[in-house]
Chemist: 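One structure follows; several queries about it will come next.
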2 protein chains.
Amino acid sequence: MTMTYPRLNRDGAEPLWMQLMRALRTKIDSGELGPDQPLPSEAELSDMFSVSRTVVREALRELVQQRLIYKVKGRGAFVSPRKTELRFIGSMSGSADDLRESGRRVTTHTIRQTLGEADEREAALLQIPLGEQVVRIRRLRRVDGQPWLLVDTALPARLVPGLERAVLENQSLYDVLRRRYGLEPAAADRWIEAVFPDREDAAVLEVSTSTPLLGIESVAWLDDNTRFEAYYALHRSDQTRFYVGIR
Amino acid sequence: MTMTYPRLNRDGAEPLWMQLMRALRTKIDSGELGPDQPLPSEAELSDMFSVSRTVVREALRELVQQRLIYKVKGRGAFVSPRKTELRFIGSMSGSADDLRESGRRVTTHTIRQTLGEADEREAALLQIPLGEQVVRIRRLRRVDGQPWLLVDTALPARLVPGLERAVLENQSLYDVLRRRYGLEPAAADRWIEAVFPDREDAAVLEVSTSTPLLGIESVAWLDDNTRFEAYYALHRSDQTRFYVGIR
DNA sequence: TCCGCAGACCTGTAATGACAGGCTAGCGAG
DNA sequence: CTCGCTAGCCTGTCATTACAGGTCTGCGGA
């Protein structure tokens, strides 16, 4: 199978492994590399791109971490785009749409928008230096008037200049990011835990501090792997259950 | 600061980087390495353990990936105060494997296997008539010895004849279904909620009845749309958080 | 034709060396 | 005492080499 691959840029502006990773991801996204299609071996890739196996492995590791390919034990060994994918249908914007579709009234109220310096958690999630400027947004989403989801979002200010002053009332944050800043989410990780709210959060959500809630931490990134949004959401699971579809 | 570190086992039974990773993780879990405490530099670790920087970097990479430490540009990798967080990949068979890969010991104990008649919930989820025979399996999964996940599975007996007598100890149920019955999961739906366990479940999971847990309901089906498995799992989210990747 | 085994292929692991560029501490000048 | 600069430390990146052990393919014998 002969495939055309872009030549890698060696001016040091971007790591070789990242360029290679992007090149492979493009093939996967475009469908040129379909499900169960094995990638060339590490040695072959190393030859094709004239880079060391170190670089190849770095690129493949990243793709595995992004769950775009998976490893097959042994021969021919690597990968193919994942067929069984996690689809998170209950994503924040998706679920609101779903609820609207089923005749619920969904409103989003912005409680606070501030500019600040990234704390340790934000820095780690967004992969930015500690103290870099971030825009923080705290929003409450209601379904049929009932508090449903309390979200604390942080975004690197560098990527969204002026967002701390934008009017977000009842708007989808993702729409704003797309229209105003051209930011298109490519993927995300989420972690879910069961927690109790602190006094303040409990008051906002109108529950007691001994009501178990879902805590959802999320990081979303762009095509080029830049982390652009991190949030922690508290979800009243007595109102609705969190839905995850796996396809 | 002088710290005692275990000597690494070089018989090749376990990769050096994994031993090193575990050694560092132990320090972090025990609190010996606290928040904002910088780790030794790569070169220092390399000296201390008499391994190459390759090994050190492999171990650190894994710790970063597990989000137990985060990197600060420049000097030393810092330990984060974040609570221990394992990744539960929500994919069908991946979860236990992923944990094992990140160096945890995963065991599965079968508490009960019975044959019975589908109740209302099971019938609805599996789309079978009320009263049809189902195999019920109750299993407890532990990570590093700690109770982690309590799963009650129900499968239509028609699809898995004899499963109620199969030995499942420490086996992946999905492997058994695949090898023994040729059942290949195609997709699944999951719903997640935050709940308190009842007395019995709390005892099995070794928590109090006022510990908030994740309740996960799931239905999986085959290519031809046949529902073949329904389960309800209780997940100790103080141990790990539920991981969902969105691609 | 079928089966078994040897050798080729491939990945995982590990050591080593090298260099660029960022960050910091400490020194020296003002 | 303060400010600025430099040397050294540290990480990120990349190349090369080596070897063990698992997997697969194809050849040759039955």
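Labels below follow one simple rule: chain letters A, B, ... track the order of the sequence lines, proteins then strands, and each chain is numbered from 1.
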Chemist: How many Å lie between CD on A/E58 and C1' on D/dT11, as a whole number?
Modeler: 13 Å

Chemist: For a quick check, tell me whether the side chain of A/R53 and the base of C/dT13 share a donor-acceptor pair closer than 3.5 Å.
Modeler: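 Flag set: donor-acceptor pair detected.
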
Chemist: Phosphate oxygens OP1/OP2 of C/dA14: is one of them under 4.0 Å from a side-chain N or O of B/T54?
Modeler: no

Chemist: Can you tell which of D/dA15, D/dT13, C/dT11 lies closest to the side chain of A/V55?
Modeler: D/dA15

Chemist: Rounding to a whole Å, what distance do you find between B/F49:CZ and C/dA15:C1'?
Modeler: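 One finds 18 Å between C1' of C/dA15 and CZ of B/F49, rounded.
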
Chemist: Which of the following nucleotides, D/dT11, C/dA14, D/dA15, is nearest to the side chain of B/S41?
Modeler: D/dT11

Chemist: Among D/dA15, C/dA14, D/dC10, which nucleotide has an atom closest to any side-chain atom of B/E44?
Modeler: D/dC10

Chemist: If you draw a 6.0 Å radius around CD in B/E206, do more than 12 non-hydrogen atoms from other residues or ligands fall strictly inside?
Modeler: yes

Chemist: Report yes if at least one side-chain N or O of A/R57 is closer than 4.0 Å to OP1 or OP2 of C/dG12; otherwise report no.
Modeler: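 For C/dG12, OP1/OP2 do have a side-chain N/O of A/R57 under 4.0 Å.
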
Chemist: Please report the distance, rounded to the nearest Å, between CG in A/L45 and C1' in C/dC9.
Modeler: 15 Å

Chemist: Against the six-membered ring of B/W148, is B/R236 placed for a cation-pi contact (under 6.0 Å from the centre, within 45° of the normal)?
Modeler: no

Chemist: Looking just at side-chain N and O atoms, do B/T108 and B/R141 make a donor-acceptor pair shorter than 3.5 Å?
Modeler: yes

Chemist: Measure CD/A/E14 against P/D/dT13 and give the value in whole Å, please.
Modeler: 10 Å

Chemist: Show the nearest heavy-atom pair for residues B/E58 and B/W17, with the distance to one decimal.
Modeler: CG-CG, 3.4 Å

Chemist: In whole angstrom, give the distance that lies between atom CD of B/E62 and atom C1' of C/dG12.
Modeler: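 My rounded result for the distance is 14 Å.
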
Chemist: As a test of reading the structure: which of D/dT13, D/dT11, C/dT13 is closest to the side chain of B/E42, going by heavy atoms?
Modeler: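 That would be D/dT11.
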
Chemist: Distance check needed: D/dC10 P versus B/D47 CG, whole Å only.
Modeler: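 Nearest whole value for this atom pair: 11 Å.
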
Chemist: Test for a donor-acceptor pair under 3.5 Å between the base of D/dT13 and the side chain of B/R61, counting only N and O atoms.
Modeler: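 Per atom types, no contact qualifies.
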
Chemist: Is it the case that the side chain of A/R136 and the backbone of A/E164 share a donor-acceptor pair, with hydrogens and angles ignored and the cut-off at 3.5 Å?
Modeler: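 Checked: no pair found.
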
Chemist: What is the separation between atom CG on B/L39 and atom C1' on D/dT11, rounded to the nearest whole Å?
Modeler: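 Taking CG of B/L39 and C1' of D/dT11, I get 14 Å after rounding.
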
Chemist: Of the nucleotides D/dT13, D/dA15, C/dA15, which has the atom closest to the A/W17 side chain?
Modeler: D/dT13

